[in-house]
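Before any comments, here is the structure.
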There are 2 protein chains.
Amino acid sequence: MSRTEDHGDERPGSGGSLAHRVPDLGALELLLAVARVGSLGRAARELGITQPAASSRIRSMERQLGVALVDRSPRGSRLTDAGALVTDWALRIVEAAEAFDAGAQALRDRRDSRLRVAASMTIAEYLLPGWLVALRAQRPDTAVSLLAGNSTAVAERLLAGEADLGFVEGLTVPAGLDSAVIAHDRLVVVTAPSHPWARRRRPLAAEELAVTPLVLREEGSGTRQVLDAALGGLARPLIELSSTTAVKAAAVGGAGPAVLSELAVGEELGMRRLVRIPVQAVALARDLRAVWPTGHRPTGPARDLLSLTRG
Amino acid sequence: MSRTEDHGDERPGSGGSLAHRVPDLGALELLLAVARVGSLGRAARELGITQPAASSRIRSMERQLGVALVDRSPRGSRLTDAGALVTDWALRIVEAAEAFDAGAQALRDRRDSRLRVAASMTIAEYLLPGWLVALRAQRPDTAVSLLAGNSTAVAERLLAGEADLGFVEGLTVPAGLDSAVIAHDRLVVVTAPSHPWARRRRPLAAEELAVTPLVLREEGSGTRQVLDAALGGLARPLIELSSTTAVKAAAVGGAGPAVLSELAVGEELGMRRLVRIPVQAVALARDLRAVWPTGHRPTGPARDLLSLTRG
DNA sequence: TCCTGCTCATAAGCTCAGCTTATGCAACGC
DNA sequence: GCGTTGCATAAGCTGAGCTTATGAGCAGGA
């Protein structure tokens with residue numbers, strides 16, 4: 001059977017899952033190449049495929065999207081208006097894929113690489129891939145390895161000489177490490193748009209937050225520590241989940257209010273899948289810091305990466 | 001220019017193009033589903049495929065990335081630490097793909113759909129897809145059609161009754177239309193990091209900008225109009241290009257300083273592919289406005305979309 | 001204790017997307 | 001005219017990813 005979508009229920013007009021409606025990465029890269037060089041054949045050569053392959057791929061992408069993307073002529077190909085739009089949207093996907101790739105590459109090279117980075121989860125998830133892409137642009141030959149864990153684990157690695165540079169998000173700097181603040185983060189309270197809090201007019205008071213069962217990361221996570229400290233006591237968990245993604249998913253699904261890093265919910269807020277609830281007089285800000293063993297100032301690639309993280 | 005700079009030959013350890021190193025969308029969606037439901041089989045059912053297909057696909061993704069992503073047990077599957085990171089990075093790609101899909105869907109439904117939107121290029125490229133994703137979350141059954149063009153074209157469509165809601169970025173509101181400011185944008189001067197201006201310590205003066213040949217959008221574009229008005233004369237073009245992407249690519253490639261919307265260069269600045277050059281005493285800010293025919297206040301889906309664009 | 005139900009893994013076979021090579025046609029410059 | 005550049009089409013191959021069928025590990029209830 002060729003069609004897998006007609007045995008689950010599908011909304012008419014939108015066939016199958018995302019993967020069936022969005023061209024694959026190869027096709028998007030090809031489209032970007034065509035936009036850049038102005039010819040199917042040259043774009044094909046650039047990607048190491050043949051001209052007929054490129055021609056057919058672009059054509060099938062146009063069929064999939066139902067829109068003409070390039071104007072072919074015997075003198076080259078230019079994007080149509082719709083093509084220019086699609087190309088820009090495609091660029092966003094490709095950029096996300098580049099960040100993914102940079103992160104995955106770092107994750108793969110666990111050992112024996114030149115720059116070894118240890119980072120806390122939130123930073124590794126939301127900031128590091130972008131930095132790695134930038135670093136690769138500056139120094140294409142530097143292999144980076146990444147180890148993700150909590151603050152304690154990061155400190156251990158650095159002190160054991162198993163990492164060159166660390167990133168942590170706690171309230172305090174682990175002993176034996178020097179640090180530099182590289183960014184600021186803030187915890188935010190979010191709910192699904194359907195939650196009663198989303199229609200509040202007054203900001204939430206700290207006491208209300210403290211007595212309301214919340215969707216939270218597990219105890220011991222940096223987020224949880226900051227929240228407990230800010231509330232001057234213990235937050236009350238409704239559900240405890242072990243990843244930021246799971247917490248977001250639960251909140252979007254309407255499980256209840258969640259507390260998360262601002263970094264983690266940017267997209268959801270923008271798309272109105274989550275709503276930010278203002279909170280009064282609760283210190284939810286925290287510093288994000290680069291750390292290294294006292295005395296060992298970062299040098300070489302570590303210094304480059306560090307300087308990329310500022311500004 | 002993307003990551004194809006060593007056109008043809010590949011760096012060892014990084015096989016092939018991006019598409020060969022990054023799993024395809026279907027695999028990423030599957031991974032997200034596994035993370036959400038905690039079992040390969042259930043994730044498979046959710047996506048309408050069989051359990052062995054899911055098993056094999058996750059396995060081949062792990063082989064591709066060289067990292068174990070899920071811990072299988074007879075009681076279900078959980079993400080490994082690396083898996084949690086990868087999942088979050090994957091989410092970014094999937095979100096970009098959702099925006100792409102929302103935009104493409106709107107582009108496809110050119111006619112006879114319920115909500116017809118006309119938007120200027122910059123807005124259509126950088127803001128609209130996110131709004132459409134949000135709108136679809138709120139009203140899944142509203143079909144949206146999109147027409148992209150310059151301010152004049154947007155006004156024409158609205159006045160001809162061929163569009164229900166418009167978005168423009170000019171300095172003035174076309175006659176016959178009411179408007180509401182929905183966001184603010186600003187033109188910025190950017191160069192490649194290697195450009196001498198990137199090492200300036202003093203902000204750029206307006207006169208310097210006016211006499212320097214710049215990489216620009218073509219005459220008649222909104223960006224160009226705002227720039228000319230701000231300089232109190234005509235900007236001097238080094239190259240004129242017909243799309244924002246092309247201008248960015250030229251600037252990144254070191255062709256010269258470019259002037260672009262802040263919206264368009266966020267990623268490039270973050271990744272340090274471009275550097276923002278401060279400018280003194282030049283009014284480069286502009287309002288982004290929603291517009292509609294005077295008297296015809298947006299109603300129904302148009303009103304929903306409008307309210308999504310604020311805040 | 002054994003059965004039932006959940007999990008995941010493996011095997012064999014099919015289909016289709018996407019690649020290749022080989023060719024043809026159109027437009028431009030010399 | 002002829003060579004170059006650009007796109008389209010045709011025929012054939014390969015592999016990724018899907019299916020169905022089956023087996024094996026672990027838990028909980030009768």
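Lettering follows sequence order; numbering is per chain, from 1.
Between the C1' atom of dA17(C) and the CD atom of Glu62(A) lies a distance of 17 Å, rounded to the nearest Å. We find that CD of Gln51(B) is positioned 7 Å from P of dA9(C), with the value rounded to whole Å. To the nearest angstrom, C1' of dC26(D) lies 17 Å from CZ of Arg72(B). Atom CZ of Arg57(B) and atom P of dA16(D) are 12 Å apart (whole Å). Rounded to an integer number of Å, the gap from CD1 of Ile58(A) to P of dA17(C) is 17 Å. The distance from atom CD of Gln64(A) to atom P of dG18(C) is 8 Å, rounded to the nearest whole Å. Taking atom CG of residue Leu28(A) and atom P of nucleotide dG18(C), one finds them 12 Å apart after rounding to whole Å. With rounding to whole Å, Leu40(A) atom CG is found 12 Å from dT5(D) atom C1'.
Across all strands, Asp71(B) comes closer than 4.0 Å to no nucleic acid atom at all (heavy-atom distances). Within the 4.0 angstrom heavy-atom criterion, only backbone atoms of the sugar-phosphate kind lie near Arg45(B); the bases stay farther away.
Side-chain proximity of Ile49(A) to the nucleotides dC19(C), dC18(D), dC8(C) is greatest for dC19(C). The side chain of Ser55(A) approaches dT9(D) more closely than any other nucleotide in the set dG6(D), dT20(C), dT9(D). Of the candidate nucleotides dA21(D), dG6(D), dT20(C), dA21(D) has the atom lying nearest to any side-chain atom of Pro52(B). When distances are taken from the side chain of Ser77(A) to each of dC7(D), dC28(C), dG18(C), the shortest belongs to dC7(D). Nearest to the side-chain atoms of Arg75(A) among the listed nucleotides dA27(C), dG17(D), dA8(D) stands dA27(C).
Considering CZ of Arg42(A) and OG of Ser77(A), their distance stands at 11.0 Å, rounded to 0.5 Å.
When each of Arg42(B) and Ala53(A) is assigned the nucleotide of DNA chain C with its nearest heavy atom, Arg42(B) is the one assigned upstream, toward the 5' end. Positionally, the nearest nucleotide of DNA chain C for Ser56(A) lies more toward the 5' end than for the other of Ser56(A) and Pro74(A). Residues Ala54(B) and Ser39(A) each lie close to DNA chain D; by heavy-atom proximity, the contact nearer the 5' end of the strand is made by Ser39(A).
Considering only residues two or more places apart in sequence or on other chains, Ser55(A) meets the side chain to side chain donor-acceptor pair (under 3.5 Å) condition with none of them. A search for salt bridge (Lys or Arg N to Asp or Glu O under 4.0 Å) contacts involving Asp24(A) returns Arg57(A), not counting sequence neighbours.
Annotation: side chain of Ile93(A) is in contact with side chain of Val22(A) (closest heavy-atom distance under 4.5 Å). When side chains are defined from C-beta on, Val265(B) counts as touching Lys248(B), because their heavy atoms get closer than 4.5 Å.
Taking 4.0 angstrom as the limit, Thr50(A) places none of its side-chain polar atoms (N or O) nearer than this to OP1 or OP2 of dC19(C).
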